[in-house]
Amino acid sequence: MLRRYKNKKVDSDWLNTNFPCMMACPAHTNAGRYVGLIAEGRFEEAYRFARDPNPLASICGRVCAHPCETACRRGEIDRPISIRALKRFLTERYGPESKHPVDVNIGRAQNKLPFKVAVVGGGPVGLSAAHDLALMGYLVTIFEAAPVAGGMLYLGIPEYRLPRDVVEAQVREILDSGDITLKLNHAAGRDFTISDLRRQGFDAVVVAVGAHRSRDLSIPGVDLDGVYKGIDFLLNVNLGYKFTIGKKVIVIGGGNVAMDVARSAAREVLRQHAAGVQDLEPSQENVTAVATREMVDISLSALRMGAREVNIVCLERRDEMPAALEEIEEAEAEGIILHPGLGPKRMLGESGKVVGLEMLKTKRVFDENKRFNPAFYENSESQLECDTIIMAIGQAPRLDFLKPEDRVELSPRGLIAVNPQTLMTSAPGIFAGGDCVFGPRLIIDSVADGKRAAIGIDEYLRGQKHPEPIIEVEVFKRHSMPLDFLNINRQPIPMLPLDRRTGMTEVEIGYDEQTAMEEAQRCLHCWVNTVFEGYEEDGTLCILCGGCVDVCPENCLELVSLNRIEFTPETVEHIRKNQERFGVELDEVVADELGIVTGSAMLKDETRCIRCGLCAMRCPVGTISMESYNLVPAEPTGLIS
Ligand code: SF4
Ligand code: SF4
């Protein structure tokens, strides 16, 4: 096997197209690599790939919304690789919550730097930023308002999905990664201000306060007894406080209501603050994903707390929420009753207590300009009895701790305005990330924000640009895929039987070794690809035998005469610059005359290639090689910028 290393700028377009799971992960976790190693039974190495870029790997293994899976190329053939569940399989064996934890930070350089950084908020952004800053050698203090660290990981996600010992173990591991002090019950605005932190000598501050302020629906009856806001309900349940739930519960939710309420909340914040310098559009996809998850979490928590009947009411019809369907079906399997295509009109009360919800049938959710503007059928009122209503309509950040002297500007959406590259706010040295900047955010987006803020701070304080990661290239003499890998079906993730899903017992059980390996063998190894140039030292040339075209099981190769190709000016320029390699003389030829040059070209449809390697094996002169690509940190901290 030959090895070659290229030190060049990351070509994100190339990686994005050809290795989508890695590029879809906001933290650029090399998902395919750890999946491939699981298939070979190399679990500890696989864990290192999963954990290295992600300080919250154990938590993501349980509850990540897995954008990698959505992008997985195997999904175009049948169903995507179960990447999230495979990560959980690894963290259960080697994560900080396991019996044999692996310390991935051993050997990472830790210079002590003469700088202090304050992190306001101990949720995913704050923890991730603190972890990376500590590895770089900064002295970090996390100020967390709640009596526990973890933010919404602890306070917003029910225990039956994310056991508390996993959160606690992950937080402990992060605190042990360097010089980090955690101060609980320290709330910005109540116990300190940003200016106080500056006066205390912090050289930089990360604002990562999340979004913990409940939003309201503006319909009659929201003040009745028995009507609760989703976040208040979740905080009470997750902190173990007493909360008496009724017998018949209605949960009002859905992505579009959440999106609309988010906009109204932003307008409200803007009435109190001056408009800021930048607006960062919330991702409709994220808002919907987060809101749906919240709606399902609230409904199932209500069921586990003793409600006899839990109904979900949402504006969208079933076919209008394809992304959320899996989660909703999971809730229905547990007995939740879905009422799609209905909008709340008013809450009905008797003697100050809620007794029902009046609803209208949705005619449409968006108008002709694709703006959220629901319309309802006239006289379509129907009523549903209940004794409890919970509004699962998302949260907004509480930013009243920011004072004019902090000089942190807000965006037109009422969130903190930042430079999207560095995450620095309008106040030098003050950085921000997560929900208080971008609106509802996936956990893994927040992890990536924390990492970005850490790099932004390092570049700000030390005035040095972080080097780009190196692309390591490995040329395989021989590459083959597991036998029959295309015929293996996606392995279902084992779950507790329905009749045992009571209390806060974790519902997902996770893969055993054999099933995990089987699932991992379905991976297409997208980080390996065909390279049509031959080994450099051999200088072998294609003899146009067409063997690769014949052997390709997916018909993605085609050998064509040059005059069948319409060249773009860029291609001509590329060929002109590499005339010697291509064996043509183009000095006198212009782009649209290129067809007169005799010769052949190999065309490849990248989208269909299953990386089987048969073309490379068949090639009699070694012109085709299978080469693998890996991003390697350019720094001793092991952090990928
Ligand atoms: S097939 Fe494997 S490498 Fe390709 S996108 Fe899916 S998990 Fe990643
Ligand atoms: S690796 Fe397999 S699928 Fe891809 S081009 Fe070669 S023969 Fe075809």
Sub-3.5 Å donor-acceptor pair from the side chain of [X] to the main-chain atoms of [Y], do we have one?
| X | Y | answer |
| --- | --- | --- |
| E144 | G151 | no |
| S411 | R413 | yes |
| T388 | I245 | no |
| N238 | L155 | yes |
| N54 | L56 | yes |

Taking the basic N atoms (NZ, or NE/NH1/NH2) and the acidic carboxylate oxygens, is any pair closer than 4.0 Å for [X] and [Y]?
| X | Y | answer |
| --- | --- | --- |
| R84 | E508 | yes |
| R88 | E506 | yes |
| D52 | R48 | no |
| D406 | K403 | no |
| R62 | E97 | yes |
| E459 | K465 | yes |
| R51 | E173 | yes |
| K229 | D232 | no |

Any non-hydrogen side-chain atom of [X] less than 4.5 Å from a side-chain atom of [Y]?
| X | Y | result |
| --- | --- | --- |
| V227 | D225 | no |
| M391 | V222 | yes |
| V63 | I443 | yes |
| Y34 | K87 | yes |
| R93 | S98 | no |
| R164 | Y154 | yes |
| P397 | L415 | yes |
| R407 | T425 | no |

If you take all heavy atoms of [X] and [Y], which pair is closest and at what distance?
| X | Y | result |
| --- | --- | --- |
| P124 | S446 | CB-CB, 3.8 Å |
| A71 | A24 | CB-CB, 3.6 Å |
| I444 | A27 | CD1-CB, 3.9 Å |
| I390 | G230 | CG2-CA, 3.9 Å |
| V117 | F202 | C-CD2, 3.5 Å |
| V418 | V437 | CG2-CG1, 3.6 Å |

Do R441's NZ or CZ and the ring of F438 fall within the cation-pi criteria of under 6.0 Å and 45°?
-> yes
D203-Y138 side chain donor-acceptor pair, cut-off 3.5 Å | no
Any donor-acceptor N or O pair under 3.5 Å, side chains D196, T193 = yes
Mind running side chain to side chain contact (heavy atoms under 4.5 Å, CB included) on S128 and D449 for me, showing each step along the way?
-> CA-CA 8 Å; S128 158; D449 284 356; over 6 Å; no
Step by step, work out the side chain to side chain contact (heavy atoms under 4.5 Å, CB included) result for I252 and M347.
-> CA-CA 11 Å; I252 302 174; M347 294 171 187; 3.9 Å; yes
Using the benzene-type ring in the case of Trp, are the ring centres of F192 and F143 under 6.0 Å apart?
-> yes
Please name all residues satisfying ring pair (Phe, Tyr, Trp, His ring centres under 6.0 Å) with Y94, sequence neighbours left out, ordered by chain then number.
-> none
Ring pair (Phe, Tyr, Trp, His ring centres under 6.0 Å) involving Y160 - partner list, sequence neighbours excluded = none
Derivation of the side chain to side chain contact (heavy atoms under 4.5 Å, CB included) call for V507 and E330 = CA-CA 11 Å; V507 169; E330 175 195 322; 5.7 Å; no
From CA spacing to verdict: salt bridge (Lys or Arg N to Asp or Glu O under 4.0 Å), D176, R172 = CA-CA 6 Å; D176 289 345; R172 255 197 322 275; over 6 Å; no
Is the NZ atom of K183 crowded by more than 12 outside heavy atoms at less than 6.0 Å?
-> no
Residues, nucleotides or ligands: over 12 heavy atoms within 6.0 Å of K112 NZ = yes
Applying side chain to side chain contact (heavy atoms under 4.5 Å, CB included) between I336 and each of L303, V296, V251, report the one that passes.
-> L303
